[in-house]
Amino acid sequence: MGGNYRYAMDHKDIVRFLITTVDSFTQDRLINKEQRIQHKEQCAERLAAEDGSDSKDTEVQYSDQAVLANLDWGIEALEEAINTFNMETKLARLDYAEKMLQVCAMLNSKQKTAGVPNFYLSAWAHLNLSYLWKLRNNVHNSVNHAIEMFIIDPFFSRIDFAPELWKDLFHPHMSSIVGWYSEQRHRLVMEAIPDSSDLSFTDDLDQSLNESLIFSMRPDQLEKMQKLEQLYGESLDENTRLYAKYYKDCLNSDSACSKKVLPMLPIAEPPMTPLHEVSRSIPAYIKFGPILPKSAGFSPFLRSKDYAREVSRRNITSTSSKNLEDSARWEPKEGMGIIEENEDDSDYEPYDTFVNLNDKNVDMKMAEDEETELRPWSTKNQVHSPTIFSPLDSPRTPSKISSLNPDVKCKKEPDSVLRLLSSRITEAATSTSPILSPHLSNDYSISSADSDNEVIEVKNIDGKSYKSYKQTRSKSHEDANREILKNSSPYESDEGCQSCISLPISEKQTVRSRPPKDFVCPITSQIFSDPVTLETGQTYERKAIQEWLKTGNTTCPITRQPLSASGLPKTNYVLKRLITSWTEQYPEIAQEFSYSDTPRNSFSSSTKEIPLVSAPCRVVDLPRHKNVNGYISQRSKRFTRGAVSTSPTSVISQAAIETIINSLNPYISCLCTSENLQECEAAVLEIARLWKDSMADPGVHSRLSKPTVINGLVEILSASLNREVLRTSIYILSELISSDETVGETLTSVDSDFDCLAALLKNGLAEAAVLIYQLRPLFAQLSPHEFIPSLIQLIQNKNEELENFQLAMEPKDAAIAMLEQILMGGDENSRSLNALSVISANGIPALIKCLDRLERSGSIVSILLCCMQAEKSCRSLIANRIELSPVLELFHSGNDCVRGICVYFLSELVQLNRRTFCNQILQIIKDEGAFSTMHTFLVYLQMAPLEHQLAVATLLLQLDLVVEPRKMSIYREEAVDALIEALRINEFSNTQMKALDALLFLTGRLTSSGKSSTEAWLLKIAGFDQPYDALVKAERLRTHDLMETMEEDENSVSSWEKRIAFVLCNHENGSIFKALEECLRSNSLELAKSCLVISTWLTYMLSILPDTGVRDVACRSLLDQFINVLQSSKNLEEKILATLALKAFISDSTALQALGAYAKIIYKTLRKLKRYSVVATDIMKTLMNLPSIDATELWSCNEVVELDSCSNGEVLSLLYLKGRVISSHSDGTIKVWNAGKRVLRLIQEVHEHTKAVTCLYVPSSSDNLYSGSLDKTIRVWAIKADEIQCIQIHDMKEAVYELTANAEVACYVSQGTGVKVYNWSGVPKHVNFNRYVKNLAIAGDKLYCGCTGYSIQEIDLSSYTSNLYFSGTRKLLGKQTIHSLQIHDGLLFAGGSSVDATAGKILSLASKTVIGSFSTGYDILGIAINNDFIFTATKCGIIEVWLREKFTKVSSIRMSGGGHTKITSLISDSDGGMLFAGSSNGKIQVWALE
């Protein structure tokens, strides 16, 4: 390599060029999903499991399998990240993909993994890492990984991974190498071309370098050509790596640093080594070996390519040059024609063609003393080299040359068989890299000229040639087959004709050809013999995992999670019993995949491969869909039969086909040119008949596939009104598309053609659905046409069958498949709208009727699932009509994706608001099916993807609890384990949210719309009824029998939730509470709210379930979190839920003591919640009764405001009513204040009374205000929003000092003894009992009067009789009087003169007994009561505060005026948050109670 020089281009320009080019490349790849899938399939074929590299059994190490599995998982995770729109999921999948791909990216490139060179795996990983960093918007890292790919493996990077990127970055620098190659090849060609003097150097050698020229080359010339190709490829690889390193240095160098020398630009120089000194090592890549197990990944791609390879080989000669330039595959150089032995690949049926070397028409004279043998492809001397094509242009047609390795030796055997190139080699011959050369043969070559007497020339290593003349084409392939079959025992195919068989009979496609995935060890790929399930949930063969651990590994091979257990668990007997049952049903498959110490050959030693030379058979390639696989298989067989029976090599059949074609021509001409519609319609019918008679002959197909014919048929579809003609036209187009998808491309190239088919479908032509489906339209094409009503109608109606023709699939199946595509496409909103359209079109009953066929059941289940997710209320409709056996059968027979859909469907189906009906469905699921459904769900739970585990765990737990739970159940344990494990995955909040939703649905409390009503039910228990009442009201609008249904189902729900709660709480000693504790700490508000509901429900259920010792665990885990919610949450419902949960702890002494430590913190909040929830009151009472609680620490108050109304005289009375304070004054004024924000704001002032208003009263059962005054009147006021209005005036003829009233009577105190009772009409009646009354209190028809003499008099208002209710202790000196009476919660509070340090009593109205007293030395002039405290006003301006529960004094408040201030009135608001006091100096003082 020449020296380097400093690059003249600016360093920043180079980096900018790299970033722009690589970024554009990765962007294009990320956009083009089909290209990514095609590329993965192509690369996966490189890793095909073929026994072509070693003749003996090869055992792959488990670590190698894990590496390949990591690569597969990494690519899948990256694809999921590309396809998802959820940013959280995208980031999580990208992180996972990076971990998996880095394993392969860091492999030692000089070694191999499972026979695959590490440089190939590493380069592939770097390519995907480049995509990954592009998704993370880190272009620098993306470019680094792309450049690293070219450094590690330049050969496959430029032909496989990124040929277009290589062309942009490296090709411009390779001009000298390309020129050298062109010159050297020109010289070699000039030597081989006769009359080369007539050619110039500028002539197009691709025109001269044809097969004839290649076969005319001497062995030494061919050898020189091969060496040139090898040297050319090595030079490209070497210089690509050199420039890649240069680019990497430029990218990573700091251009701003002057001290660091910038990298130097290398020079790509052509090779200087003479051709005769070139190494003889020729690359022979076809595919890597040895045998790779299925657990290594990529096997789905290999299976899906079987069909495509056959079609590709049949049509290889017609491949366009554009397709050749766009594809690149492995191309064998040395040993291109090497005779392969049986390939060890049980998943494929070989399609290789064989030639019998001992045929009487092939005379190959071999030296008798020369012993040769047939060897498989060898990978020992494989090196990178391109195929031989023109340096600048791809060849116009692919080479048809197949040659043999000069080193091959053959044994002389009477029936020896030469096996030609495999399908992969044939495909490789048609593909090129950006700079490739024409495909040349090696020393052994076979001429394929089209002359009748072709010469087969075989050259051996000594340069000798042997010629034999091939019989003319009049000899049919059947004759050749008969010659071979004379010495072999052919197998008969299903159609009774002889076919090429390279697999034993047991390997042929049957109803079930492989064991279920869950029965196969992911390490050995064999059926479990002794399965063990690790703590990670993965199951392995005991011997395999033991070997894994012995090698020093401490993690799970699949999940990579660390293994904490020192030994292996016991055998998974549940799974083992399932396997035993299955092996009895499928003994042959079981024996084939039974466990052995070393992998076995897929081919039995007794299997004999029968080589046949058969005519190429046409193969139908219908669009693949999971529901039409049966139709594809059926179509393939039918067309294969037709091709064999009408082989053009048969004289009779050829004549028949020619007759059909001749008959077809006038009808085609009429269809394409005639303007008479009737003639064209008749032509269509005849064309269909002739097509059927030809049995899908390729020649007939070629005539009908022309664009003019397709356009003619489409014109018929748009113009004809004849239903038979329309259906026949669709039949013809469907047949053509089934055989060749390019016909569909012709149809879809014009939008009006698709619109025509859409119109036919909407007009009721069912067959149009088949043709539309075969065109494989995108969702964007289907969505604008609003097909759903038409498709539903098609599914509902009975299809008319064509009399003489059979479509590729039934229209009803096509309609179901299209309906699934429409519902599964688009965004979430469009999916929901489309599902609602299906429901409104009454499509659910019709779809359920079609569920009986397994082929379409998967699509139907997907559609029904979409409908249930969009409209929860349709669950009942589906549950009432559906037969569950097809769904369970689909689950048993489907793959992981199908099983996931079935599990989601069943989980949604059992989320009904009627628990009894739900239990019946669960019982049906449990009892249905040939296999044990619960066992199957258990096995699937252990192997299912994370997103499916929650659904199957929820379903499995419900199935286990549908009957009375047993003490121990493996199903229950595994299901609860999965739910709790999902709660612990902090990295994926979506998973945690789904787990919480699953737990909410498990409670069994659901609405008819499918939403959980657990939260509303818990709030109702706590005394907050509004949410529950609103829910019930909404439900009544949906269902008329709601209340009856809820009442009947409540017992069932109650029993169910007790079972569920008991199982969840007692699993592993309350481990669920520890998981919920972590969820409650989440930053996600939605997650924390759902977790709070579940935690509250479980805690509440603990209080009504028998104590099993887990209450203490729940308290330790959740108490702090509930306190935190109570104190920090701004949501009232959350506070009430936390309060209800705390209420459950007060029944346990240990938990109560722990709660007591928070009493001072939560007391204030609990007091605020009392107005909404009675539970808060219960907790406060319990806390107050704790010996450790000092009540004085729970009390505090702050003065809010002091209002001066001295201009109106004394404040004689205060009244609190609905956020307003009403005050009366000595000048006859009544004021209305707004007390809503703890600040009194005057809103009204009235002067109706002429003298002092002594008293105000509002009864609890009335909205009227009553006022008494010294002006001898009682006024009745109507209370309005912002004012009071006087509506009645009653003249009492005497001053009113105290007043109490209701709607029937008014009782007041005037001068003199006794009390006056006024019935609002007539004259007041005087009830005299010779005592002066100071205050009144009324309860029902009883009036209580506080009197002088320290007594309380009771008056019966119905009879106007009085009796002594209470008589206190009287002193000889001084006056003892009851100054204040208050009735609250059935208790009578009386305050008065202090006698023996007691100034008041608390009496029970019912029993008339004293239950408490006010121990104070001050006389009590007024009393105010709320739910927590009692306030007493004294003469000296002091307000004493008493604890209502214990009647103990906790604090005192002093008025601002000091000891000379007399408190004239005292009230508290209903919530207990405010205290109002009026004084004799005209001031109103307000305190906020804490």
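Nothing fancy with the numbering, it's 1 onward along the sequence.
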Which heavy atom of [X] sits nearest a heavy atom of [Y], and at what distance?
X	Y	answer
Leu794	Ala769	CD1-CB, 3.8 Å
Leu704	Leu736	O-CD1, 3.5 Å
Ser738	Ala808	OG-CB, 3.8 Å
Ser694	Val700	CB-CG2, 3.6 Å
Asn32	Gln35	OD1-N, 3.0 Å
Val684	Val725	CG1-O, 4.2 Å

(message) Taking atom CD1 as the centre, does Ile31 end up with more than 12 heavy-atom neighbours from other residues, nucleotides or ligands that are less than 6.0 angstrom away?
(response)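 Yes, the 6.0 Å shell around CD1 holds more than 12 heavy atoms from other groups.
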Separation of [Y] [atom2] from [X] [atom1] (nearest 0.5 Å):
X	Y	atom1	atom2	value
Ile732	Leu713	CD1	CG	5.5 Å
Asp697	Leu664	CG	CG	10.5 Å
Trp166	His171	CH2	NE2	5.5 Å
Lys812	Cys850	NZ	SG	4.5 Å
Ile737	Ile710	CD1	CD1	7.5 Å
Thr728	Asn722	OG1	CG	8.0 Å

Between the main-chain N or O of [Y] and the side-chain N or O of [X], is there a donor-acceptor pair closer than 3.5 Å?
X	Y	answer
Ser663	Thr659	yes
Ser783	Ala780	no
Thr673	Ser669	yes
Gln781	Leu778	yes

Can you find a heavy atom in the side chain of [X] that is under 4.5 Å from one in the side chain of [Y]?
X	Y	value
Leu819	Ile792	yes
Ile772	Phe787	yes
Leu733	Leu717	yes
Asn83	Lys33	yes
Ile863	Ile816	yes
Val709	Cys672	yes
Leu761	Leu791	yes
Leu671	Ile716	yes

(request) Give me the ring orientation class for His39 and Phe161: parallel if the planes are under 30° apart, tilted from 30 to 60°, perpendicular past 60°. (result)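 Taking Phe161 first and then His39, their aromatic rings stand perpendicular (interplane angle over 60°).
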(request) Please report the C-alpha distance between Trp691 and His701 in whole Å, then the side-chain angles of each, then the deciding distance to 0.1 Å, and finally whether the side-chain contact (heavy atoms from CB on, under 4.5 Å) criterion is met. (result) CA-CA 8 Å; Trp691 166 259; His701 181 277; 3.8 Å; yes
(request) Go through the structure and list residues passing salt bridge (charged side-chain N to carboxylate O under 4.0 Å, His left out) with Arg36, not counting sequence neighbours. (result)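 With neighbours one apart ignored, the set is Glu79.
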(message) List the residues meeting salt bridge (charged side-chain N to carboxylate O under 4.0 Å, His left out) with Arg29, not counting sequence neighbours, and say none if there are none.
(response)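 Testing Arg29 for salt bridge (charged side-chain N to carboxylate O under 4.0 Å, His left out), a comparison that skips the adjacent residues, returns Glu164.
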(request) Could you give me the CA-CA distance, side-chain angles and deciding distance for Leu760 and Leu771, then say whether side-chain contact (heavy atoms from CB on, under 4.5 Å) is met? (result) CA-CA 11 Å; Leu760 291 174; Leu771 189 55; over 6 Å; no
(message) Please list all pairs meeting salt bridge (Lys or Arg N to Asp or Glu O under 4.0 Å) that have one or both residues in residues 670-683, counting only residues at least two apart or in different chains.
(response)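 Qualifying pairs, neighbours excluded: none.
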(message) Any salt bridge linking Glu724 with Arg727? Criterion: basic side-chain nitrogen under 4.0 Å from a carboxylate oxygen.
(response)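 Between Arg727 and Glu724 there is no salt bridge, as every charged N stays at least 4.0 Å from the carboxylate O atoms.
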(request) Tell me, please, which residues at least two apart from Glu786 pass side-chain hydrogen bond (donor to acceptor under 3.5 Å, both in side chains). (result)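 Applying side-chain hydrogen bond (donor to acceptor under 3.5 Å, both in side chains) to Glu786 gives none.
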(message) Can you list everything that forms a side-chain hydrogen bond (donor to acceptor under 3.5 Å, both in side chains) with Asp827? Sequence neighbours excluded, please.
(response)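 By the side-chain hydrogen bond (donor to acceptor under 3.5 Å, both in side chains) rule, Asp827 matches Ser830.
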(request) Mind running side-chain contact (heavy atoms from CB on, under 4.5 Å) on Leu823 and Val838 for me, showing each step along the way? (result) CA-CA 9 Å; Leu823 262 66; Val838 173; 3.8 Å; yes
(request) Decide yes or no on side-chain contact (heavy atoms from CB on, under 4.5 Å) for Ile657 and Ile661, but give the supporting numbers first. (result) CA-CA 6 Å; Ile657 293 301; Ile661 293 176; 3.8 Å; yes
(message) Phe754: which residues meet the ring-ring contact (aromatic ring centres under 6.0 Å, His included) condition with it, sequence neighbours left out?
(response)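 Phe754 satisfies ring-ring contact (aromatic ring centres under 6.0 Å, His included) with His785 once adjacent residues are dropped.
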(message) Would Asn676 and Ser674 count as a side chain to side chain donor-acceptor pair (under 3.5 Å) here? Give the steps.
(response) CA-CA 5 Å; Asn676 188 308; Ser674 177; 5.6 Å; no
